[in-house]
Protein chains: 2
Amino acid sequence: MGALAIPPAPLEFWYEFASPYSYIAAMRIDATAQKYGVDIHWRPFLLGLIFRQLGFADSPFNEQPLKRDYMWRDVQRCCECEGLPFVHPKPFPGRSLNAARVAFLGLEKGWGIEFSKAVYNAHFGQGKNLTDADMLKDLIAEISGGDAEHVWSEAMGPDNKAQLRSQTEHAANLGVFGAPTFIRNGELFWGNDRLELALTHSPKQI
Amino acid sequence: MGALAIPPAPLEFWYEFASPYSYIAAMRIDATAQKYGVDIHWRPFLLGLIFRQLGFADSPFNEQPLKRDYMWRDVQRCCECEGLPFVHPKPFPGRSLNAARVAFLGLEKGWGIEFSKAVYNAHFGQGKNLTDADMLKDLIAEISGGDAEHVWSEAMGPDNKAQLRSQTEHAANLGVFGAPTFIRNGELFWGNDRLELALTHSPKQI
């Protein structure tokens, strides 16, 4: 590579903790992106808010029993392909608000990626309740290196809540309607199975 | 390979002519399956009948403007990846009944695969109207080696219509809810992007 080589554009990884395909993407995105030399910007957001704006009463997965059952089988197979543990979490979708608030704060402080992966592993790998404050605090204590109660208070504080909401509004403005969503070079890619395309796709010609 | 090597299980390829992702799958399935030594059984069916049974008023793609616009961009990108021409056909979804009837008959007679690919190329590659009898008859004349009017009459006859309807009912009984669908070793895989998984997935342990 010459001195003038332009580094590949970074990729924004928009993820929702209750989303099974976001779980799979989160667990494989670092190794996959590394192959292509692409930097990943982790962007947790609240897909439930966007679903409400779009007029969905529930997760689209739950609307059609046949599709819902298929989806769980597909998730299980995709986890097997990636060597990931999988437990069907109930109820589904889980309430992701607390986890997303902590992850958002953790990303500012430098431990958000590791925390996000740990939450996914707890929820989809072990079937733990996504909204369980004790579970989340245990992960904070383990990963942040700080005082879990103090971090929790900051995460649940008005500033952090407002910033996560603002990031979710930003996602809606970008046209995000599902998770995971990858945005790169102004192009939106939806779904774990579009990660490779998002990492390799060339920008639109102007 | 030893004399006792068991050939890989065949794959049923369930496709709908109005489905853009079925187009992409149809154009790449032979070369992809050949890599894995898997035989493909082509199964045209009428997804519209199944959508009605499932209570969809329209193609699910059309229900949500944001998803619909994304889907067309995704189809365009996926066609670029495969080196396939793409024209957004209007109206969408096209009326696929006639094409499916001819394809069903053609598969019995040995020219159905080539005809199916030609219909996809005409509709999604060139934007031609899927239900245009003259267009379909031109393809029949070119591909079947028989008299187009005679083939057309047989395709639109009561026996062939009943058999296509019966094949669609069979699809519904198998749990097909979208297109393309691949069925192999009793497992259902939905979507062009699941083709490789369907070709390589091991059967369930009994």
Side-chain angles (χ1 to χ4, degrees), chain A residues 14 21 24 47 50-57 59-61 63-82 171-205, chain B residues 14 21 24 47 50-57 59-61 63-82 171-205:
Chain A
W14 291 87
Y21 293 108
I24 301 172
L47 182 57
I50 291 182
F51 279 169
R52 276 204 287 275
Q53 283 176 13
L54 295 174
F56 299 153
S59 163
F61 280 129
E63 276 172 21
Q64 231 301 319
L66 209 57
K67 273 194 178 175
R68 180 197 58 206
D69 294 349
Y70 169 78
M71 188 273 284
W72 287 115
R73 177 70 189 131
D74 186 60
V75 167
Q76 187 182 34
R77 284 191 306 230
C78 292
C79 286
E80 281 166 15
C81 285
E82 299 296 329
N173 292 336
L174 290 169
V176 172
F177 58 83
T181 290
F182 313 110
I183 298 184
R184 188 161 171 263
N185 287 318
E187 290 255 355
L188 187 151
F189 302 82
W190 173 47
N192 170 56
D193 42 33
R194 290 296 183 273
L195 176 57
E196 282 76 4
L197 183 60
L199 287 166
T200 56
H201 191 261
S202 301
K204 279 183 267 199
Q205 300 301 316
Chain B
W14 290 87
Y21 292 109
I24 302 172
L47 183 57
I50 291 182
F51 280 169
R52 277 205 285 275
Q53 284 176 14
L54 294 175
F56 299 153
S59 163
F61 280 129
E63 276 172 22
Q64 231 300 319
L66 208 57
K67 274 193 179 178
R68 180 196 60 206
D69 294 347
Y70 169 78
M71 190 271 286
W72 288 116
R73 177 71 189 132
D74 186 60
V75 167
Q76 186 182 37
R77 285 190 306 230
C78 291
C79 285
E80 281 166 16
C81 285
E82 299 296 328
N173 291 336
L174 290 169
V176 172
F177 58 83
T181 290
F182 314 109
I183 298 184
R184 187 160 171 265
N185 287 318
E187 291 255 354
L188 188 150
F189 301 82
W190 173 47
N192 169 57
D193 43 33
R194 290 296 183 276
L195 175 57
E196 282 76 5
L197 183 60
L199 288 166
T200 56
H201 191 259
S202 301
K204 279 183 266 199
Q205 300 301 317

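Chain naming here is simple, since letters A, B, ... match the order of the sequence lines and numbering starts at 1 in each. Values below: all heavy atoms of this structure, side chains included; hydrogens, waters and symmetry mates excluded.
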**Q** Take B/L188 and A/Y70 through the side-chain contact (heavy atoms from CB on, under 4.5 Å) test and state the conclusion after the steps.
**A** CA-CA 8 Å; B/L188 188 150; A/Y70 169 78; 3.6 Å; yes

**Q** Measuring heavy-atom distances to chain B, does A/L66 have an atom under 4.5 Å in its side chain, in its backbone, in both, or in neither?
**A** both

**Q** Report the distance from atom CH2 of B/W190 to atom CE of A/M71, rounding to the nearest 0.5 Å.
**A**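 Atom-to-atom, B/W190:CH2 and A/M71:CE are 10.5 Å apart.
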
**Q** Suppose we screen for side-chain contact (heavy atoms from CB on, under 4.5 Å). Which residues come up paired with B/E196, at least two apart in sequence or across chains?
**A** B/R28, B/T32, B/Y36

**Q** When rounded to the nearest 0.5 angstrom, what distance separates NE2 in B/H201 from CD in A/E80?
**A**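 Going from NE2 on B/H201 over to CD on A/E80, the span is 5.5 Å.
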
**Q** Output, in order, the C-alpha distance, side-chain angles, deciding distance and verdict of side-chain contact (heavy atoms from CB on, under 4.5 Å) for A/R77 and B/R194.
**A** CA-CA 11 Å; A/R77 284 191 306 230; B/R194 290 296 183 276; 5.5 Å; no

